[in-house]
Undergrad: 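Here it is, the structure in full.
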Protein chains: 2
Amino acid sequence: MAKLSLNMDEYLPLRDVVFHALRRAILTGELVPGERLMEIHLAQQLGVSRTPVREAIHKLELEGLVSMIPRKGAMVAEISEHGLRDVLEVRRALDAFCAELACERMNDREKERLKEAYEAFAKATETKDTTVIAKADVDFHDIIINSTGNERLISTINNLAEQIYRYRFEYLKDESIHKGLIAEHKMLMDAIFSKNIEEAKRAASTHIDNQEKSILSQIHFKD
Amino acid sequence: MAKLSLNMDEYLPLRDVVFHALRRAILTGELVPGERLMEIHLAQQLGVSRTPVREAIHKLELEGLVSMIPRKGAMVAEISEHGLRDVLEVRRALDAFCAELACERMNDREKERLKEAYEAFAKATETKDTTVIAKADVDFHDIIINSTGNERLISTINNLAEQIYRYRFEYLKDESIHKGLIAEHKMLMDAIFSKNIEEAKRAASTHIDNQEKSILSQIHFKD
DNA sequence: ATATAGTACATTGTATACAATACACAGCAT
DNA sequence: ATGCTGTGTATTGTATACAATGTACTATAT
């Protein structure tokens, strides 16, 4: 017999609640790179004890958003220009691979949704709202990535994407590039639809190249 | 349950000591997939409190060697045949990419060391000692991976490699494949030396293909 | 015999207490 | 002034106490 599924409001361990709160704060720039993360302070601020805060910070460290020094503490991770290039180099390879797999594996339902997402992104650029644009862009790429059906590939790419989320947000603010992005999305999408693997890989690769150029021209690093 | 011991020689936070101890136990098969990891039990066995054990287990979860269910506990992660295929599919793509970068970036000193590692592996196969063979194989591939100079790529590949370490160990026991492995190493190495990118990518890819075939033919999964 | 409720126990989740360490700064000797 | 040393404080590292929850088992009713 079916239990009255009163939404036993998905129970989340406090450590996960804290983790998501801190993660969001870092990705949105509320906590800036280099800022120290002190357990007691955060715990009081969030109204919990040190334990879940500690566990959340450790989780963020493994994700690469926080760097720790033993017996010294944790701080929001800074990314160097070199680190950014490294991340994007791996992403370029994996995105191209995704594009290849998508050519072979994307089903009709996903193709339909990809087309919708493509149009939604084009429309989003008209709003001039960076948050909306960023979300539409993520949606578009997520459909391609998820169509590979490879969970490990999906989580690996998502981790890499997270590393540069803060910087990607900046470059999306530049309206002059939106037109180019839409064109690149179209190239990639059409290549996938026509199962043209080489073209799809090239389109995915170019997409990251341009991202890299834009980010590097806008952000200037300390080192 | 196996006996666990800590190596306290060098000073490391206890959580890291415990982490390494558990990690080693999992990778060597001392702790088998599906085995539950209970904090109190492990803490007593290792002579520490629950806190560092908890933190070590969480770290292992993020690495993918342990799977956790909230309020239920942790167990040594089992990998399904599907999961194994996923891991190897990503590795194939990244290893091929490494091979490409190695063609462009490997310096003379690294080439020398690669040649030495190649010969050391050939020699290691004569010992019939799987541990020695596995180490020589890792050494060979590490030189290639490290020659890319991309830290993010290196850590990503190492994480993937860790997922299948237990199974790779099994397939290395089969002496009949050693000759083939040596030949594959030579193909890859020569392609890198002659900067033949396409050939290097193909060799790296083939190497993973054969690994996959061997592992899947030897291990049989529950699901 | 089966199903249900209830209860005891094992285990994790969270909070707090205590220990160890790093850092800053003051005081002193040179 | 400079450098050393000691002391206090802030912060992390570890241990333990307490709360919440899931699981197995028992007793009971049907």
Side-chain angles (χ1 to χ4, degrees), chain A residues 1-23 25-26 31-32 34-63 65-77, chain B residues 1-2 4-23 25-26 31-63 65-77:
Chain A
M1 185 177 315
K3 282 192 160 185
L4 311 187
S5 74
L6 17 140
N7 52 349
M8 3 183 56
D9 252 333
E10 56 232 278
Y11 170 84
L12 266 185
L14 270 186
R15 60 165 177 272
D16 290 329
V17 177
V18 174
F19 169 76
H20 287 300
L22 292 179
R23 183 167 170 277
I26 292 173
L31 292 170
V32 300
E35 189 164 347
R36 287 190 66 184
L37 298 173
M38 283 173 299
E39 298 169 1
I40 299 175
H41 186 227
L42 291 171
Q44 286 174 347
Q45 206 169 331
L46 296 168
V48 299
S49 79
R50 276 180 60 206
T51 308
V53 173
R54 269 183 79 77
E55 297 183 341
I57 289 176
H58 287 140
K59 212 166 161 179
L60 287 164
E61 192 210 0
L62 273 279
E63 300 252 312
L65 292 179
V66 159
S67 57
M68 293 185 65
I69 302 172
R71 293 218 127 78
K72 177 96 191 301
M75 50 184 256
V76 179
Chain B
M1 166 87 76
L4 297 173
S5 63
L6 295 182
N7 175 6
M8 301 268 240
D9 291 349
E10 54 219 292
Y11 176 76
L12 266 181
L14 271 185
R15 59 165 179 274
D16 290 328
V17 179
V18 175
F19 169 75
H20 287 299
L22 291 178
R23 182 167 171 278
I26 292 172
L31 292 170
V32 300
E35 188 164 347
R36 287 189 66 187
L37 297 174
M38 283 172 299
E39 298 169 3
I40 299 175
H41 187 216
L42 291 172
Q44 286 174 346
Q45 208 169 336
L46 296 169
V48 299
S49 78
R50 277 179 61 207
T51 308
V53 174
R54 267 182 82 76
E55 297 183 341
I57 289 176
H58 287 140
K59 212 166 160 179
L60 288 164
E61 191 210 0
L62 273 278
E63 300 252 312
L65 292 179
V66 159
S67 58
M68 294 186 64
I69 303 172
R71 290 218 129 74
K72 177 98 190 301
M75 51 185 258
V76 179

Undergrad: Quick one: which protein N/O atoms are closer than 3.5 Å to N/O atoms of nucleotides 14-18 of chain D? Pair and distance per line, please.
TA:
{"from": "D:dT14", "atom 1": "OP1", "to": "B:Leu14", "atom 2": "N", "distance (Å)": "2.5"}
{"from": "D:dA15", "atom 1": "OP2", "to": "B:Ser49", "atom 2": "N", "distance (Å)": "2.8"}
{"from": "D:dA15", "atom 1": "OP2", "to": "B:Ser49", "atom 2": "OG", "distance (Å)": "2.7"}
{"from": "D:dA15", "atom 1": "O5'", "to": "B:Ser49", "atom 2": "OG", "distance (Å)": "3.3"}
{"from": "D:dA15", "atom 1": "N7", "to": "B:Thr51", "atom 2": "OG1", "distance (Å)": "2.6"}

Undergrad: Can you tell me how far C1' of D:dA10 sits from NE2 of A:His41, to the nearest Å?
TA: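 Answer to the nearest Å: 14 Å.
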
Undergrad: Quick check: on DNA chain C, is the nucleotide nearest B:His58 upstream (toward 5') of the one nearest A:Lys72, or the reverse? Name the residue that is more 5'.
TA: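 Looking at DNA chain C, the more 5' nearest nucleotide goes with B:His58.
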
Undergrad: Here's a test for you: under side chain to side chain contact (heavy atoms under 4.5 Å, CB included), which of B:Val32, B:Leu22, B:Leu37 qualifies with B:Val76?
TA: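 Passing option: B:Leu37.
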
Undergrad: Could you state the atom-to-atom distance from CD1 of B:Ile40 to C1' of C:dG13 in whole Å?
TA: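 To the nearest whole Å, that distance equals 12 Å.
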
Undergrad: Just to be sure I understand the rule, does A:Ile69 reach a base, reach only the sugar-phosphate, or reach nothing, if contact means heavy atoms closer than 4.0 Å?
TA: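 Touches nothing.
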
Undergrad: Does B:Glu55 have any salt bridge (charged side-chain N to carboxylate O under 4.0 Å, His left out) partners at least two apart in sequence or in another chain, and if so, which?
TA: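 Salt bridge (charged side-chain N to carboxylate O under 4.0 Å, His left out) check on B:Glu55 returns A:Arg54, B:Arg15.
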
Undergrad: Return the value, rounded to whole Å, for the distance between atom NZ of B:Lys59 and atom P of D:dG13.
TA: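 Computing the B:Lys59:NZ to D:dG13:P distance gives 11 Å.
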
Undergrad: How many whole angstroms separate atom CE of B:Met38 from atom P of D:dG22?
TA: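 Interatomic distance, CE of B:Met38 to P of D:dG22: 18 Å.
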
Undergrad: Taking the side chain as C-beta and beyond, is there a heavy-atom pair between B:Val17 and B:Val48 under 4.5 Å?
TA: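 Contact flag for B:Val17/B:Val48 side chains = no.
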
Undergrad: How long is the straight-line distance from CZ of A:Arg23 back to CG of A:Asp16, given to the nearest 0.5 Å?
TA: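 Going from CG on A:Asp16 over to CZ on A:Arg23, the span is 11.5 Å.
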
Undergrad: Find out whether B:Ile57 and B:Leu42 are in side-chain contact, i.e. whether some heavy atom of one side chain is under 4.5 Å from a heavy atom of the other.
TA: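 Of all side-chain heavy-atom pairs linking B:Leu42 with B:Ile57, at least one is under 4.5 Å.
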
Undergrad: What integer distance in Å separates A:Leu37:CG from D:dT11:C1'?
TA: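 Rounding to the nearest Å, CG of A:Leu37 and C1' of D:dT11 are 13 Å apart.
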
Undergrad: Do B:Glu63 and A:Leu62 come close enough that some side-chain heavy atom pair is under 4.5 Å?
TA: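 Side-chain contact under 4.5 Å: yes.
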
